[in-house]
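All remarks here apply to the structure that follows.
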Amino acid sequence: MPEGHTLYRLAREQSTLFAGRPVHVTSPQGRFEAGAALLDGRVLDEVFSYGKHLFARFGGDHLHVHLGLYGTYLTGSGTPPQALGALRMRWEADGPDGDGVWTDLRGPTACEVLPAPEVATILDRLGPDPLRPRADGGRAHRRIAGSRTAVGALLMDQSVLAGVGNVYRAELLFRHRVSPFRPGRAVDEALWAQMWADLVTLLRSGVRMGRIVTTRPEDRTRRGGAVRREDAHYVYRRTGLPCRICGTGIRTEVMVGRNLYWCPTCQAV
């Protein structure tokens, strides 16, 4: 599932290409036909993300998209390709340089038009997003510190913290040597302050790079040049491989429906 940095980049891209212009909105698949008709030809005011949610504002109406596990956007310029298959929604407009631009959405969990009060309801039930200006990390800690639930599960709860997914969960916990099985109430305020600051840095790096890289240069097998995929993470998808710090085999098991990765030595309970 795309994590918060991906949605932030999508919002920025769509704002650059479409904001301030009338947008031709269609639903070749037909499943979003009524919503597309409501938005078609209207001027897009802005696109913004919050956590894993994407919102496009057309006057008093908002297009709400959640990509889920399988949703994807494909964007291009010029004449769009022939609409085939399960193409939920297509946008077309005159781009900022006068050329035509388009974007196609396939496979989202949610694609719906909402009035402003319903958008507010969605936002109110989400935890702080580390990519939002002046986000309050303390609000997340109050939820974490008051829970006996394992911190590895709490980090995946979007009502606690918005935008963090499986990769950032595993990597953040490793970077701070925190067992994913530690109860939330055992994460003190000082430790969380360090984790929150690190999370803000990692997500901003993800926005800048367009990918998740969590390893420090000194912990990679190759220290110069672009970071290779096999050097990008400490524990995520490294089951059985030696820990970059201590050499212990990385372990995995399912937690809240997703594969959890950790080092049993560096992250001992």
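Throughout, residue positions are numbered sequentially from 1 according to the sequence presented.
Counting heavy atoms of neighbouring residues, nucleotides and ligands inside a 6.0 Å radius, atom CZ of Arg9 exceeds 12 of them. By the 6.0 Å contact criterion, CD on Glu230 is enclosed, its count of non-hydrogen atoms from other residues, nucleotides or ligands being greater than 12. Open room surrounds CD on Gln82; 12 or fewer heavy atoms of other groups in view lie less than 6.0 Å from it. Within 6.0 Å of atom CZ in Arg204, 12 or fewer heavy atoms from other residues, nucleotides or ligands are found, so the atom counts as exposed in its surroundings.
Rounded to the nearest 0.5 Å, atoms OG1 (Thr149) and CE (Met255) are 10.0 Å apart. Here the straight-line distance linking atom CD of Gln194 with atom CG of Leu199 works out to 13.5 Å at 0.5 Å rounding. The structure places SG of Cys111 at 13.0 Å from NE2 of His66, a figure rounded to the nearest 0.5 Å. Put simply, OG1 on Thr265 and CZ on Arg251 are 10.0 Å apart, with the number rounded to the nearest 0.5 Å. With rounding to the nearest 0.5 angstrom, the CZ atom of Arg208 is 11.5 Å from the NE2 atom of His5.
Under the 4.5 Å side-chain heavy-atom criterion for ILVMFWY residues, a single connected hydrophobic cluster contains both Val23 and Leu38. Clustering ILVMFWY residues whenever any of their side-chain heavy atoms sit less than 4.5 angstrom apart, transitively, puts Trp91 in a cluster other than the one holding Leu87. If you chain together hydrophobic residues whose side chains sit under 4.5 Å apart, Phe55 and Tyr8 never meet in one group. Val200 and Met195 fall within the same hydrophobic cluster, where Ile, Leu, Val, Met, Phe, Trp and Tyr residues are linked whenever their side-chain heavy atoms come under 4.5 Å apart, directly or through other members. Linking ILVMFWY side-chain heavy atoms closer than 4.5 Å, directly or via other members, places Tyr50 and Val47 in two distinct hydrophobic clusters.
Annotation: side chain of Leu67 is not in contact with side chain of Lys52 (no heavy-atom distance under 4.5 Å). Using a 4.5 Å heavy-atom cutoff, the side chains of Leu39 and His62 are not in contact. Side chains of Leu10 and Ser49 form no contact here, defined as non-hydrogen atoms less than 4.5 Å apart. Counting heavy atoms from C-beta outward, Ile250 and Arg237 have side chains that stay 4.5 Å or more apart. Between Arg42 and Asp61, the closest side-chain pair of non-hydrogen atoms falls below 4.5 Å. Counting heavy atoms from C-beta on, the side chains of Leu44 and Phe18 come closer than 4.5 Å. Residues Arg90 and Pro81 are in side-chain contact: their nearest non-hydrogen atoms beyond the backbone lie under 4.5 Å apart. Between Glu3 and Ile212 there is a side-chain heavy-atom pair separated by less than 4.5 Å.
With hydrogens and angles ignored, the 3.5 Å screen pairs a side-chain donor or acceptor of Ser15 with a backbone N or O of Ala11. A distance-only check finds a donor-acceptor pair linking the side chain of Arg238 to the backbone of Pro242 [under 3.5 Å]. Looking only at distances, a side-chain donor or acceptor of His141 sits under 3.5 Å from a matching main-chain atom of Val187. A donor-acceptor pair under 3.5 Å is formed between the side chain of Arg169 and the backbone N or O of Gly152. A donor-acceptor pair is defined here as one N or O able to donate and one able to accept, closer than 3.5 Å; no such pair exists between the side chain of Asp94 and the backbone of Arg21. Not a single donor-acceptor pair under 3.5 Å links the side chain of Gln14 to the backbone N or O of Phe48. Side chain of Trp262 to backbone of Glu253: no donor-acceptor contact under 3.5 angstrom is found. Between the side chain of Glu92 and the backbone N or O of Trp102, no donor-acceptor pair lies under 3.5 Å. Remark: side-chain polar atoms of Thr252 are not paired, donor with acceptor, to backbone N or O of Thr239 under 3.5 angstrom. Using a distance-only test at 3.5 Å, with no hydrogens or angles considered, a donor-acceptor pair links the side chain of Gln267 to the main chain of Cys263.
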Test log, rule side chain to side chain contact (heavy atoms under 4.5 Å, CB included), inputs Leu105 and Thr103: CA-CA 7 Å; Leu105 172 65; Thr103 190; over 6 Å; no
Verdict with reasoning, Leu161 to Leu155, per side chain to side chain contact (heavy atoms under 4.5 Å, CB included): CA-CA 6 Å; Leu161 191 61; Leu155 291 180; 3.8 Å; yes
Arg12 and Val207: side chain to side chain contact (heavy atoms under 4.5 Å, CB included), yes or no, with the steps? CA-CA 10 Å; Arg12 186 173 62 183; Val207 170; 3.8 Å; yes
Could you walk me through whether Val213 and Arg211 pass the side chain to side chain contact (heavy atoms under 4.5 Å, CB included) check? CA-CA 6 Å; Val213 175; Arg211 58 185 294 219; 3.9 Å; yes
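Checked against Pro2 for a side-chain contact (heavy atoms from CB on, under 4.5 Å), the options Leu69, Thr72, Leu54, Leu7 give a single hit: Leu7. Of the residues Pro180, Ser179, Pro264, the one that meets the side-chain contact (heavy atoms from CB on, under 4.5 Å) test with Val269 is Ser179. Between Tyr234 and the choices Tyr261, Tyr168, Phe174, the ring-ring contact (aromatic ring centres under 6.0 Å, His included) rule is met once, by Phe174.
For the residue pair Thr221 and Asp231, a side-chain donor N or O sits within less than 3.5 Å of a side-chain acceptor on the partner. In summary, the side chains of His233 and Glu171 do not present any donor paired with an acceptor at a separation below 3.5 Å, with no hydrogens or angles considered. A donor-acceptor contact under 3.5 angstrom links the side chains of Arg220 and Thr215, judged on distance only.
The minimum heavy-atom distance between Met89 and Val25, with the atom names listed, is CG-CG1, 4.1 Å. Summarising the geometry of Ile245 relative to Arg177, their closest heavy-atom pair is CG1-NH2, 3.5 Å, with the distance given to 0.1 Å. Residues Gly85 and Arg106 approach most closely at C-NH1, 3.9 Å, considering heavy atoms. Residue Pro22 comes nearest to Ala93 through the heavy atom pair O-CB, 3.6 Å, listed as atom of the first residue, atom of the second, then distance. Of all heavy-atom pairs spanning Val178 and Val151, the tightest one is CG1-CG1, 4.0 Å. Here the shortest heavy-atom pairing between Asp157 and Ser159 reads OD1-OG, 2.6 Å.
For Glu189, the salt bridge (Lys or Arg N to Asp or Glu O under 4.0 Å) test picks out no residue, with sequence neighbours left out. Residues meeting the salt bridge (Lys or Arg N to Asp or Glu O under 4.0 Å) test with Asp219, sequence neighbours left out: none.
Residue pairs meeting the side-chain hydrogen bond (donor to acceptor under 3.5 Å, both in side chains) criterion with at least one member in residues 116-139, sequence neighbours excluded, are Asp136-Arg142.
With salt bridges taken as basic N to acidic carboxylate O contacts below 4.0 Å, one links Asp198 and Arg175. At a threshold of 4.0 Å, the pair Asp104-Arg88 does not count as salt-bridged, since none of the basic side-chain nitrogens sits closer than that to a carboxylate oxygen.
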